[in-house]
Structures are given as structure tokens and as C-alpha cells.
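Worksheet: one structure, shown below.
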Number of protein chains: 2
Amino acid sequence: MANMLDVAKLADVSPATVSRVLTNPDIVSDHTKDKVLKAIEELNYKPNVLARNLRKMENKNILVILPDITNTFFSQVLRGIDQVASENGYRVLLADTKDELDLEHEYLTYLDLKIADAAIMLTSRNVEAIEELARKHQIVLACEYIKDSQLPMVSIDNIKSAYKATKHLIDLGHQKIAHISGPMDIILNKDRFEGYKKALLEANLKFNRDWVKEGEYTVDSGYSEMEKLLQLSAPPTAVFASNDEMAIGAIKAIKNSNMKVPDDIAVVGFDDIKWASIYEPALTTIFQPTFEIGKKAMSILLKLIKEEKEDFQLERKVYEGELVVRKTCGAKNNRD
Amino acid sequence: MANMLDVAKLADVSPATVSRVLTNPDIVSDHTKDKVLKAIEELNYKPNVLARNLRKMENKNILVILPDITNTFFSQVLRGIDQVASENGYRVLLADTKDELDLEHEYLTYLDLKIADAAIMLTSRNVEAIEELARKHQIVLACEYIKDSQLPMVSIDNIKSAYKATKHLIDLGHQKIAHISGPMDIILNKDRFEGYKKALLEANLKFNRDWVKEGEYTVDSGYSEMEKLLQLSAPPTAVFASNDEMAIGAIKAIKNSNMKVPDDIAVVGFDDIKWASIYEPALTTIFQPTFEIGKKAMSILLKLIKEEKEDFQLERKVYEGELVVRKTCGAKNNRD
DNA sequence: TTGTAGGCGTTATCAT
DNA sequence: ATGATAACGCCTACAA
């Protein structure tokens, strides 16, 4: 395969000029540019990105570390990242941790190895490792974040959103509201739990520890946690689940007990994944602007890369989660 | 950041030896190895992959071109690819075409530019471009394939699978079976249509052009095509859809017409995506071994990379699609 | 506007 | 078993 020197010879110019035609055409005279372009064409020359990478000490790859590529929630974020990345000549290097801590750790080493120029983390469990790395590399956290950290971050206000979800149930007249949380080692779920409690407190409803169950983000876990809730001597009349999968699992458990949603028990989810509106009954849930989050995360990352700036405290964006009312919540009359 | 020369100096050896310790430790004596390792440790040296890439003229990136990252069907394939890739020191460079032909084309240029070493195509519309590229690069087609092409390929037998799906409906007593196809410019959908016709023919059922509608793979398109089917003077009693999304859209349309699935109309989907079993009624569909397909595609690609072989005609694998019977098909009594 | 030349950090070849 | 040296192909001062 022809290289730059071959092109230079054929066009009777120096390699430097060929390089200029490729990366900075404006500073080359039209005449030489034509010659070079012709030679490029004739030799079917393609620049060798590997060489360019070494020379420029960058490879335009953005590492995106995410916990589960199977989750459509993340694929929307990915789309947002990808869009802004492409527009700016960057590419996405996919790193699916499958929720394995070790993998997250391994992917993180890509930065030092220069396998990627910078990273967006959609999961962030290795807190110390990330903070350490962020001193030398550009890293943006999205969706998930690190408590008490000043790292650049994009997410929604989980506390407030969970509050909204719970408040919605309270406004509908529910007094016995359960919560199926996600794994509590993830800060998001702590926040959502907190928002739930806050709404309860504000409405002077008693907080019942029995009504809080910890699930694993899956339909199955939503199902089994709901089953436990139903077996309580005083079962709840409404449930707020920390994600849509678990909410749907809960609905299935309710149906399976010959009860109806929303007539007997109301359910609210979280995330508004694609299938939340397709499932029947269509799920009332909290919409996260996933595409926007992805775009914003990548935009911030670009800014960091360009400016090499240290004071990224300001590079944070918190969106509002929006309550999307569909069919899984009904009014509760006060008979019981 | 320290480089190999720094390490060499500190350890008092040549750079070549440091390189050997890193890539071929066995041929270095224990004593020198220790020295080098200690120096690496002390300097916190990390090899520069950019330099290695140039020198070896490869970057261990596998380009995976897929039509829609939002589709969980593909994310399972991705997982399979990723697993085998990781095990062999390769990484996945994600290329989501969003079904845009231009983007597919652009991503394909990555091969010549050496942005990726080889590619797996989960979509293949640019037929000539791909065949052309495959002469110089290693490319494996997965799921989708190219008609009359000898390129390495992994997929299921779509004709046979569609035949199975349709046959299932016939065996249940259905005689008026409609088909909602996917976009007909995709060979998969032609195949599935063919399997459908074959089953009809074999059972001496008449093929009715009015009962075949072309959808766009989405829930919404399944819904609207089904609505058209329901408005027919002689509506079908069963529908075979070319993917699960459309099947679910069809079910929604049926429900919306105050009819029941499977009592009034039976539905079969295709793919067995995650949500096929979660949706209610749980969808009867064709299971594709997506994870296996991904693994196999990557395995074949590795073989091609290693052997640089030309005769990849043999590198093809066709899996069986499996009918998964759930709740959307019922027996049709012969009253009507 | 264009050319010259050095070097990015590694690995492979050839000696020793 | 180890060292010296020459690439890999490109970009970018600096010089002309």
C-alpha cells in the first residue's frame, strides 16, 4: 500500500506538502494541491492512521464504560455520545463491564496505555481508581456519579425525581407506598430511596421498613420482591420501583396474585425505557433525557480535551427527570 | 511519562530487552527480568500502545458495524463478539449505522485507514463495497448476509425458521395466515417471506397477496400493518411477523379491535428478543442463538486474521432457528 | 508557499 | 541471552 512518500514522489513535492494537503489544505497553493490530489487518487493512497496516532500521541478513541449493553437505557445514552463524538472526529470504544468490577478496572487501564484518549463512565464503582486516573486523563461521569466527588458529571436529579414519583402516588391518595430499590451499593438507588422517603415524610406518612425491598434491576427480581410485599399482613397499595424492569416485574407479580394494576395496586417505574410504553398496562415512570445526557457528556469531554482544563468543577449538568403518567397508577379511595 | 528507554537505562539493559520482558518474557533470564520489572514498577511505566500499533501495523480493534444499537437483539450478538474478542486481546470498535447507508459506507473506510484491523458486519447493504473490501481485509458477515456471496458468514437458516413458524400456525389449524414482513430490501426478510410461502404451498393453502404487508421492524409499523389486515373483507386468523417488535405491534392492533390473542387471531414473531417473553401475552417466536452467533463470528474472524487465508468459503456457519411456543398461538377450530 | 529533517516509542533483525 | 540499530509512516518546527 502506497505511503505518503510515494505520493510525494509521484506529485513531485515533499512529503510535508502531501501531509499539508491532507490536514491543512488551505495553506497549499491550488496548483500543488491539484498535483497531490491527483497522485493520491492515482495511487489510491490512504493515510495511515496508526502512524498519525503515534505522531500526535492520540487516537481519537473515546472509551465508554457501561455496565450493561443489553439495557436499552444505555444504548440511548450511547447514541447521544456517538453523535457528538462523530461530529468531532472521535470514535467510541465500547467497554461493557457486565457489572463486573474487575472488568471496569481493566478497561480503566486503557487510558494509561493510550488505547483511548479519554473516557465516559456510565458506571463508576472503582471510586478511588477513577479519581486517581482523572488527574492525568479526561473523564466524565454520566448517569451514575461519585459521591462527594468534583469530577465532571452529567445526570438527572435522582432524589427529586424519586420524590416526584412518590409524590404522584401520594397525590392519588395512596398511603401505603412500597419501594423496590435497585442495588444499594449504587448511589443512584440510595438517592432514589431518599427521594421516596422525603416524599413520605413531607406527607406525614409513616415510613415502614417492611415496605422497602432491594431488587437487582431485573424483571425477575422485581417480580420476587413484589411477591414478598404481597405476602405482608399489611401489603402496600402502591409501589415505586427504582427502574422500569423491576416495575414491570412487580406488575407481573400483582397480576399473578389476581389483582389488578392500577385498580388494586399502583406502580411507578423509573427511566422510561423504550418498553415502558409498549408493555401493557403502559408504565407510569420517570423519563430521563438519555440522549441528551449522552450528548452533554461527550460535549463536556470534548471541552476538557481541548482545554486540558483542571477546573472541571463547573463541568456538571443535572437534568430534571420528568414524570410520565401512563396507565399504572389510579386514584386510591380512602375506604381502606 | 516514562518510556521504554527510561526503563532500559534504569535497569541497565537495552530497550530491546525491556520489550522482550513485556512481550516474550520466557526468553529473558530471570535475573534481568527482575531488574527490568523493578524498573518498570519504579517508574510506573506503561507501554505506549500507539507506538506498538505503528510498529506492528495493527491495533487490535475489531470494527463491528450494526444497524441499530438500540435493538437488544444486536446487543446479545455484541456480547458474544466481545467475549471472544477480549479473550484474544482484541477490542470492539462500535459502529452504529442507524440504518443509514452512508454511515455504513463511512465506517467501512476504517479498514483501509487502519482504524480497525478487521470487521464484523451485522448489516450489509453496501454489497459491492463490502465484497471489494473483503479482498484486502478480513470481514465476517453475521445475521445479515449477501446473496450469492462467498464471504464468511454466520446466521440462522431464515427460510427454514420462517417455515417452522408458519407451519406451527398451519398445524394449529389456521388456513388464513398473514405475513408482516420487514423491509424487503433486506435479504433476511425475503428469506422469511419465502419460508412463509413454502409452508403455505406445502399445505396447499392459497397464497393471498393481500395478506402480506411490509413493515419497518418497529412496533408502530406492526400495529399499522395489522390494522390494514383487520380491515380486509377476509381478514386472516393468524399472523407471522418478521420480527418480535412488529409482532407485538400487531397484537396491540388486534387487542385494540376488541379481539383477543390467541383466541381470535394467533401471532408468531421472530428473533426472541428479551421482551418477547416479558410482554403479555408472552410471544411465540423463533429463537436465534444470538450470543452464539456473535461468538462464532468473532472466532471465524480470528481464524482469518491469523491464517490470512483466502479460501474462506468454508468459514460459514448456519444455525437452526428454534420455535419457542408461548402464549400467542391457539388452535383454530374449523367453524369458519 | 514549500522543503528538510528529526523524532514519536516500539519491535524486529542481525550481531555478539 | 542480550545489545545495537533500523525501520514503521506521519507531522511539525524550522529553514529557505
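In what follows, chains are A, B, ... by sequence order, proteins preceding strands, each numbered from 1.
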Between A:Y145 and A:R316, is there a cation-pi geometry (under 6.0 Å to ring centre, at most 45° from the normal)? no

Charged N to carboxylate O under 4.0 angstrom, A:D68 versus B:R79? yes

Quick one: does any side-chain atom of B:N88 pair with a main-chain N or O of B:V84 as donor and acceptor, under 3.5 Å? yes

For A:K35 and C:dT2, what is the distance between atoms NZ and P respectively, to the nearest whole Å? 8 Å

May I ask you to verify if any side-chain N or O of B:S14 is less than 4.0 angstrom from the OP1 or OP2 atom of D:dT2? no

How would nucleotides 8-16 of chain C be written as a contact map, 5' to 3', with B for base contact, S for sugar-phosphate-only contact and - for no contact, using protein heavy atoms under 4.0 Å? BBBBB----

Whether B:T17 contacts D:dT2 is assessed here as follows: a side-chain N or O lying under 4.0 Å from the phosphate OP1 or OP2. Is that the case? no

Per the side chain to side chain contact (heavy atoms under 4.5 Å, CB included) rule, which among B:I69, B:T123, B:T70 passes with B:D96? B:I69

Between P on C:dT2 and CG on A:N24, what's the gap in Å once rounded to a whole number? 13 Å

Indicate whether OP1 or OP2 belonging to D:dT2 is found under 4.0 Å from a side-chain N or O atom of B:T32. yes

Atom-pair distance (NZ on A:K33; C1' on C:dT1), nearest Å: 12 Å

Does B:K295 make a cation-pi contact with B:F291 (under 6.0 Å, within 45 degrees of the axis)? no

Run A:T17 and A:S14 through side chain to side chain donor-acceptor pair (under 3.5 Å) and show every step you take. CA-CA 5 Å; A:T17 300; A:S14 75; 3.3 Å; yes

Can you tell me the distance, in whole Å, between the CG atom of B:D112 and the P atom of D:dG9? 15 Å

